[in-house]
Amino acid sequence: LFPFLFSSRFQLTSSYLDDVSADSSAEFPDRVSMMEVRLQAQEDEITLLKSSLADALRRIRIHDQLLPLLKQQLIAGGWFSPAYWHKELAWTSLVEEPIQPTTIRGLQREDFQDGSCSFLSNSVSSHSFPPCCCLCIPGQSIKMFIRGRPITMYVPSNIQNYEDLKMEPPSERLDLDWVYGYRGRDCRANLYFLPTGEAVYFIACVIVLYHINNRTQRHYRKHTDCVRCLTLHPDKVRVASGQTAGVDKDGKPLQPCVHIWDSTTLVTLQQIGLGAFQRGVGSVAFSFDSGAFLCVIDDSNEHMLSVWDCTKGTKHAEIKSTNEAVFAVEFNPSDSTNIITCGKSHVYFWTLNGGQFTKKQGIFGKYKKPKFIQCFVFSLTGDVLTGDSEGNILTWGKSIMRQTRAHEGSVFTLWTLHGGGLLSGGGKDRKIIRWSADLAPERECEIPEKYGAVRTIADVDEEELLVGTTRNAILRGTFSDGFVAIVQGHVDEMWGLATHPSQNIFFTCGHDRQVCLWNTEEHKLDWYFCDIWQEYGLCADFCPSGSVVSVGLSTGRWMVLDLLTREVVSESTDGNEQLSVMRYSPDGSFLAVGSHDNFIYIYNVTESGRRYIRFGKCNGHSSFITHLDWSKDGKYIMSNSGDYEILYWDIAAGCKLLRNRYESKDREWASYTCVLGFHVMGVWLEGSDGTDINALCRSHDERMVAVADDFCKVHLFQYPCPKPKAPSHKYEGHGSHVTNVCFTHSDSHLLSMGGKDTCILQWKVFGAGDSRERLASASVSSTSTSSPEPVTS
Ligand SMILES: *[C@@H]1O[C@H](CO)[C@@H](O)[C@H](O)[C@H]1NC(C)=O
Ligand SMILES: *[C@@H]1O[C@H](CO)[C@@H](O)[C@H](O)[C@H]1NC(C)=O
């Protein structure tokens, strides 16, 4: 819920740096993360203040309402009628408990069955309520604390003995089935073509091996945080990949490292540099003498350049390279004692002798010194060719011998072809140019604007190329036939996710103003729009007939898109704050729109989701709406808010707040996405600050709950899981807070989206009974053989 919490865990370069570099943001990471921490602290404080204020106001309101009633009752001569108290007790339990001065973590349980008055003694009596005897309800309530705020939940009548309930992990498990996306936006040199016919690239914590003809994926999943760089060994089998440090659950930095692994078996051969690198690994390169050595640039301020023995995993030499951003490192193919690095305003030629480095700086002489040296390659004749932010290719012998005008804007990438030719990719003109060995331009083409600029190029064969772009797409094609996208994804943080009620498709929307419709069977983007609206989408839902999808935007506007015609069939605006949830009632006759202005707007829906008429407004939350669900009969709504309230609404009766929450305890819900509720209480960890769970989703068969947490993980719990510390299976892969999860209509798959990692993961759900089938298919399926087994807590 608080996305800024994550930016320290996930360093993304702002888009304005696109033409500059992928890594120049590393210059001020300390200040940025300090500011982020402060911002977070302030924001947390504001949230607390807001909820305290809301509470105070509400108490005043209750007293105002109660006093005349009390008077009446007293005047009427009777004591308080039990019915009256019965009703009010449930209500006051929601609002009358004292705010704890400090965060009380953990859960408390209260039992009213024995008629004890513990509930009253710790809450009501601290206010001006008369100490009274029998204000106890038959039945049970459970109280949970988040940030010292008590959240009371009532035990449904069908649970006879809450105390004896046993929580088991679900018998179902998840298997990573497909990874949507490619991280081209802020990483470079990160796409290679393997002799197996697979393209290898990464997004979030996963390295994808995508067979471009068979359209199957395998996954290398041994990295514990976002992968940042990748290189291919001269044998074209081994791969080295480096990751960011990341932080653990308590914000403690983890150690970044490089993995060397076999791309045919996905077996990790060596883990290099644990404890040696700071913040992350920016670039890696193998030496060309059978790849015995690996050089690494880390993300520390000094950009440490280190050389490692690949087989032993030991450090050979190390030196501070520069305080400026470094973009690339390579060994000289003909001499492994020569290493070149380039980056902001520099190109350095290093010589390694007896474990000592000597450095020579590239002198630009009569040529204008470029702001950035983006990339370089070695020509077959042994010259070094650099590509820079001026759009030039410089040829270096002992000094610069030649300047070749190549692109408008930056030269983002250079790639040598087997025959000695060269490919260059433009960071602004989006051109790919093929050059002869003596740098005469031979062919050129421009990639479509919607894919962004050329980030990196890899050749499939003499003709065919793969192109990674800055808008996170991978294109395949030739100069003659042009290029088509084989991988696409979002390019900015995303929150909106919805699965179709009867087809294997799902819908996503993000801050990048893209709205996308994906096919889970064909693993592809069916269609997408970008930039059609000024504002971005944050939430979405398909109408139950499946013909339209409604999208809630950042300004309070919402749109309804027809899936067939792809046209906007309806639009409306509610309030002027961002919308956080769109939810159709089970029969599709109502749409609920949850907003950050604390209201839920209800619409009558007719004409199969094409016509909307405002029906009413749910007014009563004291903070923004986070989640909501409809009851199975389509008459009621359960909702959660930013200050951890659970409220119930009678929609049919005119969007009336149901003051007695106890009476909603047995209601059945058509969906379960509310993160606060009796049935899902067990998904919360002890010590949770209330923002740890961004989303959850019950499966349609009501057997399991998937949870999207703030620590890059997806969890699978049994449903219901009403007891603290319920066991779950945990799944890794995302590199940022997981913002949403959704089961497909048949519960065959789960989709999860990782906010800033721009990655959508598709998980196959398999039950205990399917395990044999799964084993049989594992060897031929597109599933990774290296998938870590889920951890059961
Ligand atoms: C690709 O498909 C071909 C033909 O079906 C098959 O022989 C080959 O093993 C597949 N390769 C991979 C990596 O899936
Ligand atoms: C909206 O739905 C309610 C409940 O079904 C109905 O009573 C009301 O007439 C509808 N309003 C409109 C404008 O269709």
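Remember, it's 1-based here, ligands and their atoms both numbered in the order they're listed. Keep in mind that what you see is a predicted model, and the values were worked out from it rather than measured.
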- [ ] Verify whether the ring centers belonging to Y180 and F506 lie closer than 6.0 Å.
- [x] yes
Task: Which residue and heavy atom of the protein sit nearest atom 5 (O) of ligand 2, plus the separation - done: F590 CZ, 4.2 Å
Task: Ring-ring centroid check W558 Y603, cutoff 6.0 Å - done: yes
TODO: State, without any angle test, whether S547 and S545 hold a side-chain donor-acceptor pair at a distance under 3.5 Å.
DONE: yes
TODO: Indicate whether any N or O donor in one side chain lies under 3.5 Å from an N or O acceptor in the other, for H621 and N640.
DONE: no
Open item on the list: In the complex you have, is atom 7 (O) of ligand 2 within reach of the protein, judged by whether a heavy-atom distance drops under 4.0 Å?
Closed with: no
Open item on the list: Judged on heavy-atom distance to atom 1 (C) of ligand 1, which of T216, N214, L194 sits nearest?
Closed with: N214
Task: Side chains of Q243 and C257 in contact at under 4.5 Å (non-hydrogen atoms) - done: yes
Task: Shortest protein heavy-atom distance from atom 12 (C) of ligand 2, along with the residue and atom involved - done: N604 ND2, 3.4 Å
Open item on the list: Closer than 4.0 Å to some heavy atom of F615 - which atoms of ligand 2 meet that?
Closed with: 1 (C), 3 (C)
Task: atom 13 (C) of ligand 2 [closest protein heavy-atom partner, distance rounded to 0.1 Å] - done: I613 CG2, 3.9 Å
